[in-house]
2 protein chains.
Amino acid sequence: MSSEQIKISTRDKILESAIRLFAEKGFSGTTTREIAEKAGVNEALIFRYFSTKRDLYSAIIERKISEEPGFEYPLEAFKETRDDWLIFRSIAIRMFDCVEKDPSFIRLLHFSALEGHELSDMFFDTYVQYQRMLLSDYIERRISEGAFKNVNPVLAARAFIGMVINYILVQEIFGEKKRRKIKREEVADTFVKIFLEGIKNN
Amino acid sequence: MSSEQIKISTRDKILESAIRLFAEKGFSGTTTREIAEKAGVNEALIFRYFSTKRDLYSAIIERKISEEPGFEYPLEAFKETRDDWLIFRSIAIRMFDCVEKDPSFIRLLHFSALEGHELSDMFFDTYVQYQRMLLSDYIERRISEGAFKNVNPVLAARAFIGMVINYILVQEIFGEKKRRKIKREEVADTFVKIFLEGIKNN
DNA sequence: GTAGAGTAAGTAAGTAATTACTTTATATTA
DNA sequence: TAATATAAAGTAATTACTTACTTACTCTAC
């Protein structure tokens with residue numbers, strides 16, 4: 001009870017290293033031997049836990065889908081607050097946080113889409129569609145309240161998410177990370193400012 | 001001189017089918033046998049024209065880099081016009097056009113970045129960086145003229161490009177293409193409206 | 001407590017298929 | 001004649017995946 005050793009199961013070791021490798025080099029760029037080496041287990045064990053390499057990949061995506069949603073929002077805030085600045089800013093910051101906490105996530109998402117994995121749609125829906133829906137609902141309400149201009153709320157949501165996601169994508173995948181280093185807060189503030197000034201009435 | 005047959009060289013046939021396959025399945029997801037089959041040439045010929053598979057990939061990226069820049073702007077317009085609406089709208093439309101004309105382009109760009117090809121940086125610079133620079137220069141000038149708010153011009157440029165690119169990306173790579181079908185013009189108008197209203201003074 | 005049985009975890013070696021790439025010998029064309 | 005193409009066969013390495021076997025742990029019976 002006192003000195004409980006944290007024993008990482010073999011299954012988890014395999015999953016962990018597979019996530020990192022698939023995120024780094026994609027499905028067909030990663031070999032099961034590499035995965036086993038990185039996990040420090042025998043290659044044959046992979047196939048004891050997962051019947052095929054593709055199965056392992058699917059297990060990873062399923063796990064990512066069911067895991068803490070990464071950028072989960074204060075949902076109540078969406079319904080009670082009308083503090084646009086706070087809401088949009090917190091969404092942007094939350095997206096930055098999510099990617100910083102789990103850098104393999106965005107690479108996995110893009111690899112699985114490009115490589116056409118069967119679960120990539122669900123992956124996409126869980127994160128992107130859901131988020132977009134929440135945001136466009138909020139925008140729609142603000143339009144009907146007369147606070148926002150009368151624009152297509154889905155397009156407006158996509159505009160805002162697009163700014164942020166694309167910024168992150170360029171940093172993470174196109175490796176601009178190291179070159180420029182603008183503070184996240186400045187980025188978020190600028191984007192929110194442009195967007196809100198652009199959509200607000202008056 | 002009269003009945004000049006359009007003879008597609010073997011090299012071009014190989015390049016052509018390799019572009020399509022690499023864009024579809026990535027570098028490590030594509031085999032040289034497939035490329036040869038699709039091109040209708042013998043597999044051995046690939047290695048007569050390109051010493052390795054990697055070489056072929058590089059040749060493709062180099063070709064895409066040197067090719068007509070896809071979305072080339074009316075550069076003079078940037079310096080002479082002050083019609084913000086026209087400029088931003090034409091940029092957005094031009095990006096839509098480019099991707100529609102050559103759907104493999106955006107997939108190649110993303111695959112090469114994810115798979116970490118050595119030329120992917122140059123690829124990125126040629127298209128994204130250059131375009132961003134043009135746009136941020138324009139924004140900077142408009143700020144100094146007092147037409148735009150005083151925001152970081154590079155961030156503003158990235159905000160606008162991000163909206164459009166992300167929209168395209170989701171349609172093309174995450175396959176939302178078929179589901180929704182909003183007219184490009186409506187998308188462009190909405191984005192430009194939000195952006196310009198957000199950045200303009202008064 | 002210990003023998004033994006049952007089960008899970010681990011391993012080395014090997015499978016057949018596929019990979020990028022080569023070779024050689026034979027056509028076709030300019 | 002000389003470059004360019006083809007087909008077919010073959011290379012060594014690598015691939016995903018399997019096999020047959022050993023070890024380690026756990027539970028039960030006495």
Side-chain angles (χ1 to χ4, degrees), chain A residues 1 3-62 108 111-112 115-119, chain B residues 1-62 108 111-112 114-119:
Chain A
M1 209 124 182
S3 65
E4 202 126 323
Q5 280 278 67
I6 297 160
K7 176 81 180 299
I8 302 155
S9 77
T10 304
R11 209 187 121 97
D12 281 346
K13 279 195 283 187
I14 293 169
L15 274 172
E16 191 57 37
S17 67
I19 287 174
R20 295 241 289 278
L21 284 166
F22 284 144
E24 195 185 328
K25 333 207 294 178
F27 178 75
S28 38
T30 303
T31 69
T32 50
R33 183 138 68 94
E34 278 178 303
I35 296 171
E37 263 173 28
K38 186 155 200 160
V41 304
N42 190 281
E43 193 184 350
L45 274 179
I46 293 177
F47 298 96
R48 181 110 83 219
Y49 289 100
F50 309 93
S51 57
T52 62
K53 181 189 174 190
R54 188 137 213 107
D55 240 54
L56 168 58
Y57 196 60
S58 299
I60 286 172
I61 298 187
E62 274 165 12
L108 266 180
F111 254 129
S112 75
E115 291 183 318
H117 189 275
E118 43 182 356
L119 290 178
Chain B
M1 209 119 184
S2 57
S3 66
E4 201 125 324
Q5 279 276 69
I6 298 161
K7 176 83 178 297
I8 303 155
S9 76
T10 304
R11 207 187 123 98
D12 280 346
K13 279 195 282 186
I14 293 170
L15 274 172
E16 192 56 39
S17 67
I19 286 174
R20 295 243 288 279
L21 284 166
F22 284 144
E24 195 183 328
K25 333 205 297 179
F27 178 76
S28 39
T30 302
T31 68
T32 50
R33 181 139 70 95
E34 279 177 302
I35 296 171
E37 262 172 29
K38 186 155 202 160
V41 303
N42 191 278
E43 193 185 349
L45 271 181
I46 293 177
F47 299 96
R48 178 112 82 222
Y49 287 100
F50 309 93
S51 56
T52 62
K53 182 189 173 191
R54 188 134 214 108
D55 240 55
L56 168 57
Y57 196 59
S58 299
I60 286 172
I61 298 187
E62 274 165 11
L108 265 180
F111 254 129
S112 75
L114 277 169
E115 291 183 319
H117 191 277
E118 42 182 359
L119 290 178

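OP1 or OP2 of C:dA20 sits under 4.0 Å from a side-chain N or O of B:Thr32. For B:Arg33, no side-chain nitrogen or oxygen approaches OP1 or OP2 of C:dT18 to under 4.0 Å. Between C:dG10 and A:Thr10, a contact under 4.0 Å exists linking OP1 or OP2 to a side-chain N or O. Under 4.0 angstrom from either OP1 or OP2 of D:dT4 there lies no side-chain N or O belonging to B:Tyr49.
Just one of B:Phe50, B:Phe22, B:Phe111 meets the ring pair (Phe, Tyr, Trp, His ring centres under 6.0 Å) condition when paired with B:Tyr57; it is B:Phe22. When B:Arg11, B:Lys13, B:Arg48 are each tested for a side-chain contact (heavy atoms from CB on, under 4.5 Å) with B:Val41, only one passes: B:Lys13.
The heavy-atom pair separating A:Leu108 from A:Ile60 by the smallest distance is CD1-CG2, 3.9 Å.
If you take CZ of B:Phe47 and P of D:dA12, they are 17 Å apart, rounded to a whole angstrom. The distance from atom CZ of A:Arg48 to atom P of C:dA9 is 8 Å, rounded to the nearest whole Å. The CD1-P distance, from A:Ile46 to D:dT15, rounds to 12 Å in whole Å. Summarising the geometry, the separation between CD on A:Glu37 and P on C:dT11 is reported as 13 Å, rounded to the nearest angstrom. Rounded to an integer number of Å, the gap from CG of A:Leu45 to P of C:dA12 is 11 Å. Atom NZ in B:Lys25 sits about 13 Å away from atom C1' in C:dT18, given to the nearest Å. One can place CD1 of A:Ile14 at 11 Å from P of C:dT11, the figure rounded to the nearest angstrom. Atom CZ of B:Arg11 and atom C1' of D:dA5 are 16 Å apart (whole Å).
If you check every strand for non-hydrogen atoms under 4.0 Å, A:Ser28 touches nothing.
Side-chain atoms of A:Thr30 come within 3.5 Å of backbone atoms of A:Leu21 as a donor-acceptor pair (strictly under, hydrogens ignored). Proximity of a side-chain donor or acceptor of A:Lys25 to a complementary backbone N or O of A:Thr31 within less than 3.5 Å is not detected. B:Lys53 contributes no side-chain N or O that, together with a main-chain N or O of B:Ile46, makes up a donor-acceptor pair within less than 3.5 Å.
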Between protein and nucleic acid, restricted to nucleotides 7-10 of chain D and to nitrogen or oxygen atoms under 3.5 Å apart, what atom pairs and distances do you find?
from, atom 1, to, atom 2, distance (Å)
D:dA7, N7, B:Asn42, ND2, 3.3

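Judged as a salt bridge (Lys or Arg N to Asp or Glu O under 4.0 Å), and not counting sequence neighbours, the contacts of A:Asp12 are A:Arg63.
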